Amino acid sequence: MKEVRTRFAPSPTGFMHLGGLRTALYNYLFAKKMGGKFILRIEDTDQERFVEGATEVIYDTLRGCGMNWDEGPDIGGDYGPYIQSERKSLYLPYAQQLVKSGHAYYCFCTREELDGRRAAAEAKGEVFKYDKHCLHLSPEEIQAKLDAGVPYVIRQNAPTEGESSYDDLVFGHMSFPNDTLDDMVLIKQDGMPTYNFANVIDDHLMGITHVMRGLEYLSSTPKYNLLYEAFGWEVPQYIHLPTVMRDATHKLSKRDGDAYYSDYVDKGYLTEALINYLALVGWNPGDDREFFTMDELIDVFDVHRLNKAPGIFDVDKLTWFNHHYICQMDFERYLELVTPWFDKVLAGKNIDYRRLAQLMQERTEVFNRVPDMVRFLAELPDYDVELYTHKKMKTNPDVARTALNLMKPVLEGVEDWNETTLHDTVMAAIADAGMKNGAVLWPLRIAISGQQNTPGGAIEIAWLLGKEETLRRVDDGLKRLENA
RNA sequence: GGCCCCGUGGUCAAGAGGCCUAAGACACCGCCCUUUCACGGCGGCUACUCGGGUUCGAAUCCCGACGGGGUCACCA
């Protein structure tokens, strides 16, 4: 059996769209699963859109996600170059070959003429389709225009009758009436190939066996097939992928800041969580497993389990995956990753990051939520004494006053400020006073944190804060309770 | 609008004519655990878009409607 070769062919826009990333993922998984090759090709024929450093974004994202290509611009291969702009001289001869065989023709219509005809068609409520006007030019007329240097494009000569069909591995048998096929431009006026043409030529020249790409190409595929057939080339297997949506009616978009890989990385999502989740939007392993490493994905991946229906990207589920991966990760790595987020609000505050990280790791869902969770350590937030009321803990402002008055001397008496001593001393004092743990610890935690939810309990927070600050906050709490 | 695709709970999804009074996960709600939250445990809520067929029997097959998406560039 022939070696499977898939490719990911992004345009260097400077950003990696999540839909594109998922396409890359599936291409990678399929190639690896089949023991084949995964090729990276950069489609930069549109020079106007050139963005500095954009190819590096593609390289970094793919590598960062663990998808290493077997052939590509930076590592070479037997079918290079892998950057389309470096291949530009290659396409014209192929187009001319099609002109000779009658599968394409020169077109001298100007953009203005075309726009006019398009507008006229639309005015009549019709769909504009190139009318093959230039197909009927005589050889002499064509040669004369060519000799005179009249600008031209080369168009595909698509059939107008019958129908074209092909089999898609996901969508099954696809059939389209030929009269809906437009004579698409193959070579632009500037001599450069259109994306549509370059794609076919490159895929063939690079020996691509399976073309896996977004659904948007589903209906233009017949035109590509016509090209393959005109050249007498083998048509690749097609695997079109359903769209990744933001909600039922919208795609993930740049404007909403929810479309790019970097948007999520910046917020504090882990690449392994992103990849794991993305793999499951539009595909499933057929059983209940949800957590997969890249190797495990390769092992279980099967194109037949790809879904046809579009999938909505659910940030909550992604967050759940992220939380899972954060909990699983090595503590030292967590500490390293969380430190910059601590720094945003705790820099210079003399807080023990290591201990705080221990308390925070299993409570971290997404890193960008960390600052708000630990900010109270830097500065006591203003809070309402109502926080001292908690039914289950059997506390209210009165109980809280008693509790804090009980705790104040106890804490002042703690010489060796460490968690064990703190814990034992505090618990003993509560027992001696005959109070409930919750009735004392709840008010204490509120007084020193100023908020309802905190990472860790009263003892841990008191230790993190240090004796001086803890006592200062207890006094502050007492003062608030007096006024209440 | 033409052509094409899709349609199981709020979301991802299993389901390929009887195993479906439809799995699992996320989210949500309740209870338990707990010095808060989180974690964990237990339980709950919510779905086959609709209408016709075919069949002894349909979420599964067919037709239609409706809904959503894609595509109709010298952009990729």
Side-chain angles (χ1 to χ4, degrees), chain A residues 9-11 13 43-46 48-49 84 107 109-111 114-115 118 122 125-129 151-155 168 170-172 174-177 179-182 184-190 192-196 198-199 214-222 240 242-243 245 247-251 277 280-284 286-290 305 307-321 323 327 359-360 362-365 373 387 390 392-393 395 426-427 430 436-446 449 451-461:
Chain A
S11 294
T13 60
E43 311 241 334
D44 62 344
T45 51
D46 188 359
E48 281 180 28
R49 286 208 214 167
Q84 230 161 37
C107 172
C109 295
T110 64
R111 283 172 197 267
L114 256 19
D115 288 345
R118 201 186 325 272
E122 277 167 16
E126 291 170 6
V127 178
F128 176 75
K129 200 183 130 189
Y152 67 89
V153 300
I154 295 180
R155 283 182 185 275
D168 186 280
V170 171
F171 290 92
M174 301 296 306
S175 185
F176 301 82
D179 62 10
T180 61
L181 268 29
D182 199 7
M184 64 177 181
V185 171
L186 268 23
I187 298 292
K188 298 186 263 189
Q189 210 172 81
D190 62 5
M192 290 288 275
T194 56
Y195 161 86
N196 298 304
N199 228 254
L215 188 68
E216 61 269 31
Y217 301 104
L218 194 72
S219 49
S220 43
T221 298
H240 285 98
T243 316
M245 311 285 285
D247 57 45
T249 55
H250 303 274
K251 298 213 276 189
Y277 174 61
L280 264 14
V281 179
W283 172 85
N284 76 81
D287 56 34
D288 287 344
R289 278 195 292 167
E290 297 209 272
R305 298 208 64 91
N307 264 115
K308 293 185 200 177
I312 295 174
F313 188 85
D314 182 3
V315 182
D316 284 337
K317 185 93 188 213
L318 200 218
T319 300
W320 178 75
F321 271 105
H323 180 51
C327 288
L359 295 169
M360 285 293 291
E362 67 174 18
R363 290 164 223 262
T364 305
E365 295 187 297
M373 293 171 75
L387 275 187
H390 191 284
K392 257 191 75 186
M393 294 301 120
T395 115
V426 167
M427 295 314 265
I430 294 173
K436 288 273 192 188
N437 288 345
V440 177
L441 292 169
W442 174 277
L444 177 58
R445 195 176 56 80
I446 295 300
S449 71
Q451 60 193 36
Q452 194 166 56
N453 305 326
T454 53
I459 304 298
E460 289 88 349
I461 292 166

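Only a predicted model underlies this, so the values are computations on that prediction, with no experimental measurement involved.
The phosphate of B:A14 has OP1 or OP2 within less than 4.0 Å of a side-chain N or O from A:N307. A sub-4.0 Å separation between OP1 or OP2 of B:A76 and a side-chain N or O of A:K188 is present. At B:A14, one or more side-chain N or O atoms of A:N284 fall inside 4.0 Å of OP1 or OP2 (strictly under the cut-off). For B:C6, the OP1/OP2 oxygens have a side-chain nitrogen or oxygen of A:K308 closer than 4.0 Å.
Using Watson-Crick or G-U wobble geometry with both donor-acceptor distances under 3.5 Å, B:G57 finds no partner in any strand shown. Base pairing analysis places B:G24 opposite B:C12; the two distances defining the Watson-Crick or G-U wobble pair are each below 3.5 Å. B:C42 is paired with B:G30 under the Watson-Crick or G-U wobble criterion, all donor-acceptor distances under 3.5 Å. Across all strands shown, B:G64 forms a Watson-Crick or G-U wobble pair with B:C50, both key distances being under 3.5 Å.
Counting non-hydrogen atoms under 4.0 angstrom, A:V127 reaches a base of the nucleic acid. Note on A:Y277: nothing from the nucleic acid sits closer than 4.0 angstrom, heavy atoms only. Counting any heavy atom pair closer than 4.0 Å across all strands shown, A:A248 reaches sugar-phosphate atoms only and no base atom. Counting any heavy atom pair closer than 4.0 Å across all strands shown, A:G456 reaches a base atom. At a threshold of 4.0 angstrom between heavy atoms, the contacts of A:M184 with the nucleic acid are absent. Counting non-hydrogen atoms under 4.0 angstrom, A:E216 reaches the backbone sugars and phosphates but no base. Using a 4.0 Å heavy-atom cutoff across all strands shown, A:M373 reaches no nucleic acid atom at all. A:D316 comes within 4.0 angstrom of sugar-phosphate atoms only, judged by non-hydrogen atoms across all strands, and of no base.
Between A:T249 and A:S175, it is A:S175 whose nearest contact on RNA chain B lies nearer the 5' terminus. Map A:R305 and A:F171 each onto its nearest nucleotide of RNA chain B; the residue landing nearer the 5' end is A:F171.
The side chain of A:D182 lies closest to B:A73, out of B:U11, B:U35, B:A73. Of the listed nucleotides (B:C3, B:U36, B:C6), B:U36 has the atom at the smallest distance from the side chain of A:M393. Of all nucleotides listed (B:G70, B:C26, B:U36), B:C26 comes nearest to the side chain of A:W320. Picking from B:C6, B:G69, B:G70 the nucleotide with the shortest atom distance to the side chain of A:S219 gives B:G70. The side chain of A:W442 lies closest to B:U36, out of B:G70, B:G24, B:U36. Checking B:C74, B:C5, B:C6 against every side-chain atom of A:T194, the shortest atom distance belongs to B:C74. Nearest nucleotide to the side chain of A:E290, out of B:U35, B:A25, B:A76: B:A25. The side chain of A:I312 sits closest to B:U11 out of B:U11, B:G70, B:U35.
The closest side-chain heavy-atom distance from A:R445 to A:T454 is below 4.5 Å.
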> Reading nucleotides 38-50 of chain B 5' to 3', which nucleotides get B (base under 4.0 Å from a protein heavy atom), which S (sugar-phosphate only), which -?
Replying inline: BS-----------

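We find that CD of A:E122 is positioned 13 Å from P of B:C72, with the value rounded to whole Å. Summarising the geometry, the separation between CG on A:L441 and C1' on B:U35 is reported as 4 Å, rounded to the nearest angstrom. Going from atom CZ of A:R155 over to atom P of B:C74 covers 6 Å, rounded to whole Å. The CZ atom of A:F313 sits 15 Å away from the P atom of B:A27 (whole-angstrom rounding).
Annotation: B:A47 and B:G52 have their C1' atoms spaced 22 Å apart (nearest Å). To the nearest whole angstrom, the two C1' atoms, one in B:A76 and one in B:G40, are 49 Å apart. With P as the reference atom, B:G18 and B:G57 are 14 Å apart, rounded to whole Å. Here the separation of B:C48 from B:C20, taken at their C1' atoms, is 10 Å to the nearest Å. Rounded to whole Å, the separation between the C1' atoms of B:A22 and B:U8 comes to 8 Å. Remark: the separation of the P atoms in B:A59 and B:U36 is 48 Å, to the nearest Å. Annotation: B:A14 and B:U60 have their C1' atoms spaced 13 Å apart (nearest Å). The same atom, C1', is picked in B:G68 and in B:C26; the two are 23 Å apart, to the nearest Å.
Between A:Y277 and A:F313, the ring planes are perpendicular. Angles over 60° get that label, and only those under 30° would be called parallel.
Heavy-atom minimum distance, A:L218 versus A:F176: O-CZ, 3.7 Å. Closest approach of A:I461 and A:G456 over heavy atoms only: CD1-O, 3.7 Å.
With A:D182 contributing its side chain and A:M184 its backbone, the two residues share no donor-acceptor pair below 3.5 Å. One N or O on the side chain of A:K129 and one on the backbone of A:D179 form a donor-acceptor pair closer than 3.5 Å. Between the A:D287 side chain and the A:R289 main chain, a donor and an acceptor come within less than 3.5 Å of each other.
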> When you look at A:D115 and A:R118, which way does the side-chain contact (heavy atoms from CB on, under 4.5 Å) test go after all the steps?
Replying inline: CA-CA 5 Å; A:D115 288 345; A:R118 201 186 325 272; 3.8 Å; yes

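A:L387 is linked by a side-chain contact (heavy atoms from CB on, under 4.5 Å) to A:Y383, A:I446, A:Q452, counting only residues two or more places apart in sequence or in another chain.
One can find a donor-acceptor pair under 3.5 Å joining the base of B:U36 and the side-chain atoms of A:R445.
No more than 12 heavy atoms of other residues, nucleotides or ligands shown are found within 6.0 angstrom of NZ on A:K436.
Ionic pairing of A:K251 and A:E216 is not present here: no N-O contact between side-chain nitrogen and carboxylate oxygen is shorter than 4.0 angstrom.
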